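Numbered from 1 within each chain, the chains take letters A, B, ... in sequence-line order. As the structure is a prediction and not an experimental result, all values here were calculated from the model.
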There are 2 protein chains.
Amino acid sequence: MNSTEEPVHERITEAELAVMDVLWQRPRRTAAEVCEEVCAARGWSPATVKTLLSRLVQKGAIAAEPDGRRYLYSPLIERAAYVGGESRRLVDRLFGGSAASLVAHLAETEALTEDDLAEIEALLKELRP
Amino acid sequence: MNSTEEPVHERITEAELAVMDVLWQRPRRTAAEVCEEVCAARGWSPATVKTLLSRLVQKGAIAAEPDGRRYLYSPLIERAAYVGGESRRLVDRLFGGSAASLVAHLAETEALTEDDLAEIEALLKELRP
DNA sequence: CAAGCTTGATTACATCTGTAGTCATCACGA
DNA sequence: TCGTGATGACTACAGATGTAATCAAGCTTG
């Protein structure tokens with residue numbers, strides 16, 4: 001169990017992430033449907049969504065299932081895996097690989113509320129009986 | 001206390017971060033000194049370090065104090081501030097702003113080692129006697 | 001003083017990213 | 001059947017990023 005495993009997909013960018021989020025929410029959507037979800041919020045044109053979908057397919061992050069003359073797009077990677085990878089990356093880059101340091105930092109800078117702390121404590125009890 | 005404050009400096013990139021780390025470790029270093037610390041490790045030429053230093057100065061992330069015909073470079077932003085901003089960004093982007101979710105995720109995906117867990121537990125004891 | 005080394009400034013350039021336009025084609029309705 | 005709208009493929013293009021070379025000017029040492 002080391003933290004240096006390479007992901008099978010290439011790096012997902014900020015803009016692409018918005019698209020992934022839509023597909024994680026519900027897969028098998030058309031480009032138009034994805035656009036409905038994000039174009040307004042991000043001020044994108046439909047063309048932009050199409051580009052991002054293409055790039056995500058190329059990167060191996062989503063699948064394009066033919067459906068008539070269009071595609072239904074679905075994530076190929078799970079959100080949890082992506083999120084885990086990103087978190088790991090952050091911890092490696094900024095906290096010397098120590099997740100505990102990250103938690104410590106969050107606590108010190110009061111990024112963690114009392115509720116957060118309680119929740120984490122509960123979590124720990126579960127993980128280390 | 002909201003989480004939308006803008007940093008005064010522009011975004012620091014991955015490569016630039018390596019340089020920042022050297023300067024955080026010890027400020028007032030010359031380009032050559034910085035290179036000594038990172039060029040080997042990252043396979044960089046001295047020119048690369050100079051470029052990164054220039055960009056960091058432009059971005060307002062470091063100061064260049066004249067010293068004879070060269071400069072001594074020092075961070076203008078604190079490491080803790082940077083790290084906090086990045087953590088915040090991650091939590092916002094991927095965990096809907098909930099830091100506890102991040103910790104929960106790390107725990108669930110076993111990104112946390114037994115040691116990490118013990119350390120966090122100790123931290124919590126301290127924070128919530 | 002001259003030859004060379006050090007150093008920042010400037011320039012270079014490929015790739016990635018954000019954002020979008022164009023175009024050919026195919027299905028569908030009049 | 002014919003126009004029309006939807007759709008993906010391809011193209012575009014500016015700005016960011018990684019990585020570095022070149023160049024001019026000063027310092028240094030013989």
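- Ser101(A) places no side-chain N or O within donor-acceptor distance of the main-chain N or O of Gly97(A), the cut-off being under 3.5 Å.
- The nearest heavy atom of DNA chain D to Lys59(B) and to Thr51(B) marks one nucleotide each, and the one closer to the 5' end goes with Lys59(B).
- Base contact: Arg55(A) has a heavy atom under 4.0 Å from a base atom.
- Checking dT17(C), dA12(C), dA9(D) against the side-chain heavy atoms of Ser54(A) singles out dA9(D) as nearest.
- In this structure, CD of Glu16(B) is placed 10 Å from C1' of dA16(D), rounded to the nearest angstrom.
- Comparing Gly68(A) and Arg42(A) by the nucleotide of DNA chain C whose heavy atom lies nearest to each, the residue mapping closer to the 5' end is Arg42(A).
- Of the candidates dA21(D), dA20(C), dT19(D), the closest approach to any side-chain atom of Trp44(B) belongs to dT19(D).
- We find that CG of Leu53(B) is positioned 14 Å from P of dG18(D), with the value rounded to whole Å.
- In this entry the distance linking CD of Gln58(A) with C1' of dT11(D) reads 13 Å, nearest Å.
- Comment: Arg26(B) does not engage Glu33(B) in a salt bridge, judged by the lack of any side-chain N to carboxylate O separation of less than 4.0 angstrom.
- Rounding to whole angstrom units, CG of residue Leu17(B) and C1' of dT17(D) are separated by 14 Å.
- Atom CZ of Arg28(A) has 12 or fewer neighbouring heavy atoms from other residues, nucleotides or ligands inside a 6.0 Å radius.
- Between the CD atom of Glu10(B) and the P atom of dT17(C) there is a distance of 19 Å, rounded to whole Å.
- Arg79(A) contributes no side-chain N or O that, together with a main-chain N or O of Gln25(A), makes up a donor-acceptor pair within less than 3.5 Å.
- The separation between Glu14(A) atom CD and dC16(C) atom C1' is 15 Å, rounded to whole Å.
- For the pair Arg11(B) and Glu86(B), the salt-bridge criterion is met [side-chain N within less than 4.0 Å of a carboxylate O].
- Neither Leu76(A) nor Val22(A) shares a network with the other; the hydrophobic side chains, linked directly or stepwise wherever heavy atoms of I, L, V, M, F, W or Y lie under 4.5 Å apart, form separate groups for each.
- Rounding to whole angstrom units, CG of residue Leu56(A) and C1' of dG8(D) are separated by 15 Å.
- Distance check, rounded to the nearest 0.5 Å: CH2 of Trp24(B) to CD1 of Ile62(B) gives 10.5 Å.
- Between the P atom of dA16(D) and the CD1 atom of Ile12(B) lies a distance of 15 Å, rounded to the nearest Å.
- Smallest separation of non-hydrogen atoms from Pro75(B) and Met20(B): CB-CE, 4.2 Å.
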Kindly give the atom pairs (protein nitrogen or oxygen, nucleotide nitrogen or oxygen) under 3.5 Å for nucleotides 4-7 of chain D.
from, atom 1, to, atom 2, distance (Å)
dA6(D), N3, Arg69(A), NH2, 3.0
dT7(D), OP1, Arg70(A), NH1, 3.4
dT7(D), O4', Arg69(A), NH2, 3.4
dT7(D), O2, Arg69(A), NH2, 3.2

Shorter than 3.5 Å, N or O on both sides, protein versus nucleotides 1-4 of chain C: list them out with atom names.
none

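- When the side-chain nitrogen and oxygen atoms of Thr48(A) are compared with OP1 and OP2 of dG18(C), none of them lie within a distance under 4.0 Å.
- A salt bridge is defined here as a Lys NZ or Arg NE, NH1 or NH2 lying under 4.0 Å from an Asp or Glu carboxylate O, and Arg70(B) with Asp67(B) meets this definition.
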